[in-house]
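Contents: one structure, followed by commentary.
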Amino acid sequence: MGNASVKLEGHIRHSICDVAASTWNECANPTSRPYNPFVDHRFFRALEESGSVSAETGWQPFHIELKSQEQTLGVVPMYVKSHSRGEFVFDGSWANAWYGAGGQYYPKLQVSIPFTPATGPRLLTSADGLDGPVEDQLLHTIAQVTRKLQLSSAHITFMTKDQWDRAGRLGWLQRIDTQFHWYNPNYTSFDEFLSELSSKKRKNIRRERREAVKNGISIEWITGSDLREHHWDAFYKFYVDTGYRKWGHPYLNREFFSLVSELMPDRTLLILCKRDGEYIAGAINFLGDDTIFGRNWGCSEDHRFLHFETCYYQAIDFAIAHKLEHVEAGAQGGHKIARGYLPRSTYSAHYIADTSFRHAVARFLEEEKQFVAHDIEYIEQRSPFRRDIDLTKFRQRTTI
């Protein structure tokens with residue numbers, strides 16, 4: 001492998017610990033980019049050491065390290081997948097079609113952050129001035145591994161748009177979808193944010209916030225050295241309840257939360273709700289340099305609007321207080337629109353090894369892309385903001 005100017009060699013690493021943490025993080029979070037907690041070596045280590053990610057759970061680590069002699073120029077978090085769970089970019093219809101044609105869709109390669117529908121870089125490079133060629137070589141290496149292992153496909157999900165564009169230029173199929181994010185143009189308070197909404201939406205949010213805590217509920221932000229095992233014991237009960245109801249089985253085990261709290265406490269935030277001295281609900285968030293990423297929520301008591309308060313309004317409060325530019329509150333959820341969250345495109349790229357199957361998927365994606373673009377335009381025209389508010393001030397901050 002290589003190009004005209006430098007010889008590059010790709011190596012498969014079957015554990016995140018096969019790449020030194022400092023080496024990985026130089027590629028994952030260089031000082032030239034805002035810090036992203038999900039590509040941090042420590043996050044992958046917590047996933048793997050806890051056993052939440054493993055061959056047994058259908059996520060066999062198959063990371064790529066791209067080297068020039070002894071220097072690592074790029075890495076990719078990659079897995080051999082035996083199913084499509086925990087990805088949030090849905091390809092079940094592709095798998096069914098391929099099986100119907102007599103093919104075997106699984107196993108496949110997945111470049112992603114397990115169980116985490118959050119946008120970020122996926123082709124991680126430290127090659128100052130050579131980022132483009134190294135990213136190209138990483139894409140070529142992924143495709144080469146797919147062919148060598150005789151797998152059906154490789155998928156890169158929730159990637160940045162610039163890396164998505166690069167994959168498209170190299171012939172990867174491109175897919176878009178929609179999430180709903182909140183943007184902070186330097187608000188100084190929640191009330192200032194509300195002042196930019198229509199009168200009806202403003203009143204509804206104030207009512208929801210009052211209703212959520214009216215039964216004597218208090219809310220805590222817990223992060224850093226204040227995180228304790230009893231906090232995780234409480235949260236895990238909520239998480240497991242939600243996991244069994246939504247997915248049939250929770251993706252993350254109890255050990256993961258202890259490990260991630262130990263390894264990266266200052267990048268972990270629990271928002272916990274308490275009533276009569278007992279925790280009754282909570283949400284876990286992770287903190288980047290400019291973004292708060294909302295992840296999982298659960299509860300042991302049902303209180304009207306408490307989910308919105310814990311996951312959406314408290315995240316906005318935290319972002320304003322800490323001068324963060326974005327709140328990413330997870331996948332799906334059109335109900336977020338009325339609460340000040342705006343649509344944003346998300347991006348994935350797909351390498352399909354079989355030519356005829358690739359053509360079929362390409363036709364599907366072209367039709368899907370038109371529907372998604374139409375939906376985004378429709379939603380933006382009906383945003384909760386006042387008509388005199390210029391929404392471009394939010395679009396300018398969509399460069400995660």
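All values reported here derive from a predicted model rather than from experimental measurement. Counting from 1, the numbers follow the sequence of the chain as shown.
At least one side-chain heavy atom of Phe308 sits under 4.5 Å from a side-chain heavy atom of His335. Leu342 places none of its side-chain heavy atoms less than 4.5 Å from the side chain of Ile379. Using a 4.5 Å heavy-atom threshold, the side chains of Leu287 and Thr268 count as separate. In this structure the side chain of Ile337 reaches within 4.5 angstrom of the side chain of Pro384, judged on heavy atoms. Proximity of Ile284 to Leu269: side-chain heavy atoms (C-beta onward) are nowhere separated by under 4.5 Å. With contacts defined as side-chain heavy-atom distances shorter than 4.5 Å, the pair Leu272/Ile219 does not qualify. Side-chain contact between Leu139 and Arg166 is present, with heavy atoms from C-beta onward closer than 4.5 Å. Counting heavy atoms from C-beta on, the side chains of Phe256 and Phe43 come closer than 4.5 Å.
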Verdict with reasoning, Ser258 to Glu229, per side-chain hydrogen bond (donor to acceptor under 3.5 Å, both in side chains): CA-CA 7 Å; Ser258 291; Glu229 286 301 297; 2.8 Å; yes
Candidate pair Leu123 and Val111, rule side-chain contact (heavy atoms from CB on, under 4.5 Å), full reasoning: CA-CA 9 Å; Leu123 310 170; Val111 177; 5.5 Å; no
Verdict with supporting geometry, Ser189 and Asp191, side-chain hydrogen bond (donor to acceptor under 3.5 Å, both in side chains): CA-CA 5 Å; Ser189 68; Asp191 281 339; 5.4 Å; no
Working for salt bridge (charged side-chain N to carboxylate O under 4.0 Å, His left out), residues Glu366 and Arg363: CA-CA 5 Å; Glu366 190 57 38; Arg363 289 193 297 271; over 6 Å; no
Intermediate values then yes/no, side-chain hydrogen bond (donor to acceptor under 3.5 Å, both in side chains), Asp177 and Thr346: CA-CA 5 Å; Asp177 205 343; Thr346 57; 5.2 Å; no
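Distance alone, capped at 3.5 Å, places no donor-acceptor pair between the Asn29 side chain and the Asn25 backbone. Within the 3.5 Å criterion, the main-chain N or O of Ser50 finds a donor-acceptor partner in the side chain of Asn253. Looking at Ser348, its side chain never comes within 3.5 Å of a backbone N or O of Thr157 through a donor-acceptor pair. In this structure, Arg202 contributes its side chain and Leu197 its backbone to a donor-acceptor pair below 3.5 Å. A donor-acceptor pair under 3.5 Å is absent between the side-chain atoms of Thr72 and the main chain of Lys67, judged by distance alone. Side-chain atoms of His41 come within 3.5 Å of backbone atoms of Ile16 as a donor-acceptor pair (strictly under, hydrogens ignored). Listed for the Arg42 side chain is no donor-acceptor partner under 3.5 Å among the backbone atoms of Val39. Side chain of Thr116 to main chain of Ala118: no donor-acceptor pair is present (N/O by atom type, distance under 3.5 Å, no hydrogens or angles). Arg122 places no side-chain N or O within 3.5 Å of a backbone atom of Ser112 that could act as its donor or acceptor partner.
Aromatic ring centroids of His350 and His155 lie under 6.0 Å apart. Aromatic pair Phe286/Phe293: ring centres not closer than 6.0 Å. Residues Trp182 and Tyr187 place their aromatic rings such that the two centres sit under 6.0 Å apart. Within the 6.0 Å centre-distance limit, the rings of Phe318 and His322 are counted as a close aromatic pair. Aromatic ring centres of Tyr106 and His83 lie farther apart than the 6.0 Å criterion allows. Ring-centre distance between Phe357 and Trp98: below the 6.0 Å cut-off. You'll find the ring centres of Phe385 and Phe394 inside the 6.0 Å limit.
The existence of a salt bridge linking Glu196 and Arg386 is excluded, since no basic side-chain nitrogen approaches an acidic carboxylate oxygen closer than 4.0 Å. Salt bridge annotation for Asp317-Arg209: present, with a cationic side-chain nitrogen under 4.0 angstrom from a carboxylate oxygen. A salt bridge links Asp289 and Arg267; the closest N-O separation between the charged side-chain nitrogens and carboxylate oxygens is under 4.0 Å. Note on Arg339 versus Glu208: salt bridge recorded, some NZ/NE/NH1/NH2 to OD/OE distance being below 4.0 Å. The residues Arg13 and Glu65 are annotated as salt-bridged, a charged nitrogen and a carboxylate oxygen being separated by less than 4.0 angstrom.
Rounded to the nearest 0.5 Å, atoms CD (Gln314) and CD (Glu220) are 11.0 Å apart. Atoms OG1 and CZ, from Thr57 and Arg85 in turn, are 9.0 Å apart once rounded to the nearest 0.5 Å. The distance from atom CG of Asn184 to atom CD1 of Ile292, rounded to the nearest 0.5 Å, is 11.5 Å. Annotation: the span from Glu87 atom CD to Ser84 atom OG amounts to 4.5 Å, rounded to 0.5 Å. Separation of atoms OG (Ser152) and CD1 (Ile352) is listed at 6.5 Å; rounding is to 0.5 Å. Atom OG of Ser261 and atom CG of Leu270 lie 7.5 Å apart (nearest 0.5 Å).
No hydrogens or angles considered: a donor-acceptor pair under 3.5 Å links the side chains of Asn215 and His303. Inspection of the Asn296 and Tyr251 side chains reveals no N or O donor paired with an N or O acceptor under 3.5 Å. Ser345 and Lys161 form no side-chain donor-acceptor contact under 3.5 Å, judged by distance and modelled atom types alone. Residues Glu328 and His326 have side chains that never bring a donor and an acceptor to within less than 3.5 angstrom of each other. For the residue pair Thr310 / Trp297, no side-chain donor-acceptor distance below 3.5 Å is found, with atom types taken as modelled.
Test Arg175, Lys108, Lys81 against Asp91 for salt bridge (Lys or Arg N to Asp or Glu O under 4.0 Å) and you get one pass: Lys108. The one candidate from Phe190, Tyr341, Phe305 that meets the ring-ring contact (aromatic ring centres under 6.0 Å, His included) condition with Tyr312 is Tyr341. Partner of Trp172 under the ring-ring contact (aromatic ring centres under 6.0 Å, His included) criterion, out of Tyr351, Tyr347, Trp164: Tyr351 alone. Under the ring-ring contact (aromatic ring centres under 6.0 Å, His included) test applied with Phe115, the options Trp59, Phe88, Phe38 reduce to a single match, Trp59.
The nearest pair of heavy atoms linking Ala283 to Cys311 is CB-SG, 4.0 Å. Of all non-hydrogen atoms in Gly294 and Asn285, the two that sit nearest each other are CA-OD1, 3.3 Å. The two residues Ala319 and Val327 make their nearest non-hydrogen contact at CB-CG2, 3.8 Å. The nearest pair of heavy atoms linking Leu138 to Val75 is CD1-O, 4.3 Å. Taking all atoms of both residues into account, the shortest heavy-atom contact from Pro77 to His63 is CA-ND1, 3.5 Å. A pairwise comparison of heavy atoms in Cys273 and Leu306 identifies SG-CD1, 3.9 Å as the closest pair.
The aromatic rings of Phe257 and Tyr239 sit perpendicular, their planes meeting at an angle over 60°, well past the 30° parallel limit.
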